[in-house]
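Quick caveat: nothing in here was measured; it's all calculated off a predicted structure. Numbered from 1 within each chain, the chains take letters A, B, ... in sequence-line order.
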Amino acid sequence: MKNKDLSMSSPLDGLDQRKVRIEKLEKIKEAGNLPFAERYERTHYLHDASKLAIDTKDVRVAGRLMAIRKFGKLIFATLQDYSGSMQIALVGKEIPDEFKHFTKVVDIGDFIGCEGYIYTTQKGEITLKVTNWTFLSKTLLPLPEKHSGLKSVESCYRQRYLDLVMNKETMDRFKKRIKMCQVIRRYLEDADFVEIETPVIQNKASGAMATPFKTHHQSLDVDMFLRIAPETYLKRAIAGGFDRVYEFARCFRNEGMDPSHLQDFTLLEYYCAYWNYEDNMNFTEKLIKHVLEKVNGSYQLTYNDTNIDFGQEWKRISFSDLIKQDSGIDIDQHSTKESLVQAIKEKGITLEVDINSLGRGNLIDQLYKKVSRPSIINPTFVIKQPLDLSPLARMNDDNKLIVDRFQLVINGWEVINAYSELIDPLDQRQRLEDQNQAKEGGDTEAMEMDEDYLLCMEHGMPPISGWGMGIDRLIALLTNSENLRDVVLFPLMKQDH
RNA sequence: GCCCGAUUAGCUCAGUUGGCUAGAGCAACUGACUCUUAAUCAGUGGGUCGAAGGUUCGAAUCCUUCAUCGGGCACCA
């Protein structure tokens, strides 16, 4: 028997429901239909069809059957498409052959196309009365249970298509992500930014401090890296004459995974010629407030029982003032690492890292992450970071220990990192050399020397301010998602079985 | 990498102190039914209890190892 051959070819045989559905394929063919059709011409999406006037004729819709309610010679069913869902009705007396065929071959989950007219049921629901229907595609495996949907976190990640079909809140979450990206794109385009693309496979993983994924280029026979940030290429574009550029850049970091970190994530970066970091900060506040208004309809949101207010003028506070306020330590009074270590010890603050292996900059960063960052809830610009944490940022003209930089912190998360870009190639070379030294000294996060980028800089760059934002994090905040995987359609999973 | 928890039918879940043939709802199958929307009613089939070992007269249940997932720690945005 043909059916047996089909089921033999799959590891999924032995499932009764699947066998029955494969047998139905033959019945569909016998009736002159294809079990997997080529096309269907619709006149309406389901959402629009459900708003049509009573007695509208020749309405053609298509979708996936989500529920069937049979009453002998009457069937109600629910069709679902991307726009929404709608009830259809088949009456045995009116279309005897079509009706019988439906009862014999159709299962929940199948795709069908329906033609008919709009009427109202006795309970007042606008419904498509089917005058004829077409089989479009068979589903061999049953959909998850109709009331509870798909609940298992693992299944939702591995089989997101089922999660999307069954759980409306999942689909809504991704629709929101899409809308957010559209709103940002439009805002940037309206401000004369252009979207460009830069390489994902790179000789040097530069532009951030992170552990890269290594790969190998066969025909060139060299090791290469997946990008950890698009930064240096976007700045090359500015050097080449682009004035304002941006990229939704998928980036890859070979580091631990937890609810707020992904191995591959989307970093939106933009760069603007002739801006400094303060121009950038002003623009950022307007952009993010615009996103809140357009996507969430409010400047207030609740994330995991925490109320976050985007509506006020956002606080701006320097790194050193923040740390002074939260720990009593004035980092400006400690220009060496040793004196800072002493101060931290005196205050009785314990950092869960090996203090002695860190340089002054990283020590300050650890102090900040320990005493300050977790308590920042409402959007706050933290500005003027230590120089040695920011090898690509412009040195402050009045204080050589800090850079013209800001981070936007929301709910303890660093969502945006930005600065006045370093455009002095001699200073840049010195900074990268310092980084390289730190790397050789055991600092695995330190940046590498990047001669190709320095070559570009030596040919000249205008003043620039640039910016990077974790798209996944912002959308997680807007959708009240605790795990970043909840806002990624197909998150990376270890192979099962 | 370390610690804690989870894994039972296609899906959602019960399963007592280790003790009859591992249960329910939905889904499926057979039948009834012309207004339901979690339709209803009657009946039927469906399980390598994540995997492999072990303890025991007897294991879904106890022990060991492994796999996958979740949470936490560490690292990072």
Next on the checklist: To check you understand the geometry: which heavy-atom pair defines the closest contact between A:N167 and A:C156, and what is its length?
Outcome noted: ND2-SG, 4.4 Å

Checklist outcome for this item: Partner of B:U17 under the Watson-Crick or G-U wobble criteria, both distances under 3.5 Å, comes out as none

Checklist entry - Quick one: is A:K151 getting a side-chain N or O under 4.0 Å of the B:U12 phosphate, OP1 or OP2? => result no

Item to check | Donor-acceptor pair present, A:E145 side chain and B:A27 base, under 3.5 Å | outcome: no

Checklist entry - Contact class for A:M469 (heavy atom, under 4.0 Å): base, sugar-phosphate, or nothing? => result nothing

Checklist entry - Which is true for A:S152 with a 4.0 Å heavy-atom rule: it touches a base, it touches only sugar-phosphate, or it touches nothing? => result sugar-phosphate

Item to check | Geometric cation-pi criterion A:K57 and A:Y117, 6.0 Å radius, 45° cone | outcome: yes

Checklist entry - Tell me: CE of A:M257 to P of B:G1, nearest whole Å? => result 12 Å

Checklist entry - Quick one: is B:G71 close enough that its OP1 or OP2 comes under 4.0 Å of any side-chain N or O from A:N483? => result yes

Checklist entry - Is A:M166 touching bases, backbone alone, or none of the nucleic acid, heavy atoms closer than 4.0 Å? => result nothing

Checklist outcome for this item: Contacts of A:E154 and A:E414 projected onto RNA chain B by closest heavy atom; the upstream (5') one is A:E154

Checklist entry - NA contact type, A:F265, heavy-atom cut-off 4.0 Å: base, sugar-phosphate, or nothing? => result base

Checklist entry - Looking for any heavy atom pair under 4.0 Å, which part of the strands does A:G92 touch: base, sugar-phosphate only, or nothing? => result nothing

Next on the checklist: For A:I228, is there any backbone N or O sitting under 3.5 Å from a side-chain donor or acceptor partner on A:R253?
Outcome noted: yes

Next on the checklist: So if I take residues 97-107 of chain A and measure heavy-atom distances to RNA chain B, which residues fall below 4.0 Å?
Outcome noted: none

Item to check | Any strand: nucleotide that pairs with B:C73 via Watson-Crick or wobble, under 3.5 Å | outcome: B:G1

Checklist entry - Has the side chain of A:N254 got a donor or acceptor atom that lies under 3.5 Å from a matching backbone atom of A:T211? => result no

Checklist entry - For B:G25, which nucleotide in any strand shown is its Watson-Crick or wobble partner with both distances under 3.5 Å? => result B:C11

Item to check | Criterion side chain to side chain contact (heavy atoms under 4.5 Å, CB included) on A:L408 and A:N417, from CA distance to verdict | outcome: CA-CA 7 Å; A:L408 178 65; A:N417 186 27; over 6 Å; no

Item to check | Spacing of A:Q122 atom CD relative to B:U37 atom P, expressed in whole Å | outcome: 13 Å

Next on the checklist: Tell me whether A:R485 contacts the main-chain N or O of A:Y157 through its side chain, where contact means a donor paired with an acceptor under 3.5 Å.
Outcome noted: no

Item to check | Short side-chain to backbone donor-acceptor contact, A:T139 and A:L141, under 3.5 Å | outcome: yes

Next on the checklist: On a heavy-atom basis, which atom in A:Y303 and which in A:E482 lie closest, and how many Å separate them?
Outcome noted: OH-CA, 3.3 Å

Next on the checklist: Could you tell me how far B:A74 sits from B:C57 if I compare only their P atoms? Round to whole Å.
Outcome noted: 48 Å

Item to check | Complementary nucleotide for B:C62 - Watson-Crick or wobble, under 3.5 Å | outcome: B:G54

Next on the checklist: Regarding A:E145 and A:K151, does a basic nitrogen lie under 4.0 Å from an acidic carboxylate oxygen?
Outcome noted: no

Checklist entry - So which nucleotide from B:G70, B:A38, B:C69 ends up closest to the side chain of A:K146? => result B:A38

Checklist entry - Among A:F248, A:Y246, A:W467, A:Y187, which residue meets the ring-ring contact (aromatic ring centres under 6.0 Å, His included) test with A:Y270? => result A:W467

Next on the checklist: Is there, by distance only and without an angle test, a donor paired with an acceptor across the side chain of A:D16 and the base of B:C29 below 3.5 Å?
Outcome noted: no

Next on the checklist: Among B:U34, B:A28, B:C35, which nucleotide has an atom closest to any side-chain atom of A:T121?
Outcome noted: B:C35

Checklist entry - Which one is paired to B:G31, where only Watson-Crick or G-U wobble pairs with both distances under 3.5 angstrom count? => result B:C41

Checklist outcome for this item: Taking B:U37, B:G10, B:C11 as options, the one with an atom nearest any side-chain atom of A:Q17 is B:G10

Item to check | Closest to side chain of A:H147, choosing from B:A38, B:C11, B:A74 | outcome: B:A38

Next on the checklist: Could you tell me how far B:C3 sits from B:U44 if I compare only their P atoms? Round to whole Å.
Outcome noted: 50 Å

Checklist entry - Toward the 5' end of RNA chain B, which comes first, A:R21 or A:S148, by nearest nucleotide? => result A:S148

Checklist entry - Looking only at side-chain N and O atoms, does A:R158 come under 4.0 Å of OP1 or OP2 in B:C69? => result yes

Next on the checklist: Can you check the distance between B:A60 and B:U21, where both ends of the measurement are the P atom (answer in whole Å)?
Outcome noted: 11 Å

Next on the checklist: Under 4.0 Å, heavy atom to any atom of RNA chain B: which of residues 124-131 of chain A qualify?
Outcome noted: A:E125

Next on the checklist: Within the 4.0 Å heavy-atom criterion, would you say A:V153 contacts the bases, only the backbone, or no part of the nucleic acid?
Outcome noted: sugar-phosphate

Checklist entry - If the C1' atom of B:U7 is compared with that of B:C13, how far apart are they to the nearest Å? => result 13 Å

Checklist entry - Going by number, which of residues 64-82 of chain A have a non-hydrogen atom under 4.0 Å from RNA chain B? => result A:R69, A:K70, A:F71, A:G72, A:K73, A:L74, A:F76

Checklist entry - Hey, does A:G256 reach any base, or is it just sugar-phosphate, or nothing, if we go heavy atoms under 4.0 Å? => result base

Checklist outcome for this item: Atom CG of A:D110 and atom P of B:G10 are separated, to the nearest Å, by 19 Å

Item to check | Identified pairing partner of B:U68, criterion: Watson-Crick or G-U wobble below 3.5 Å | outcome: B:A6

Next on the checklist: Using a 4.0 Å heavy-atom cut-off, does A:L267 contact any base of the nucleic acid, only the sugar-phosphate backbone, or nothing at all?
Outcome noted: nothing

Checklist entry - Ion pair present between A:D172 and A:K176, side-chain N to carboxylate O less than 4.0 angstrom? => result no

Checklist entry - What integer distance in Å separates A:L484:CG from B:G71:P? => result 11 Å

Next on the checklist: Could you check, using the six-membered ring where one of them is a Trp, whether A:W314 and A:F406 have ring centers closer than 6.0 angstrom?
Outcome noted: no

Checklist entry - Expressed in whole Å, how much space separates the C1' atoms belonging to B:C66 and B:A9? => result 25 Å

Item to check | Within the 6.0 Å centroid threshold, strictly below: A:F283 and A:F193 | outcome: yes

Checklist entry - With sugar-phosphate meaning primed atoms plus P, OP1 and OP2, does A:N417 contact a base, only sugar-phosphate, or nothing at under 4.0 Å between heavy atoms? => result nothing

Next on the checklist: Rounding to an integer number of angstrom, what distance separates B:U17 and B:C63 when you compare their P atoms?
Outcome noted: 14 Å

Checklist entry - Do A:R173 and A:T170 have side chains that get closer than 4.5 Å, going by heavy atoms? => result yes

Next on the checklist: Using whole Å, what does the distance between atom P of nucleotide B:A28 and atom NZ of A:K24 come to?
Outcome noted: 7 Å

Next on the checklist: Counting the benzene-type ring for Trp, do A:F225 and A:F213 have ring centres under 6.0 Å apart?
Outcome noted: no

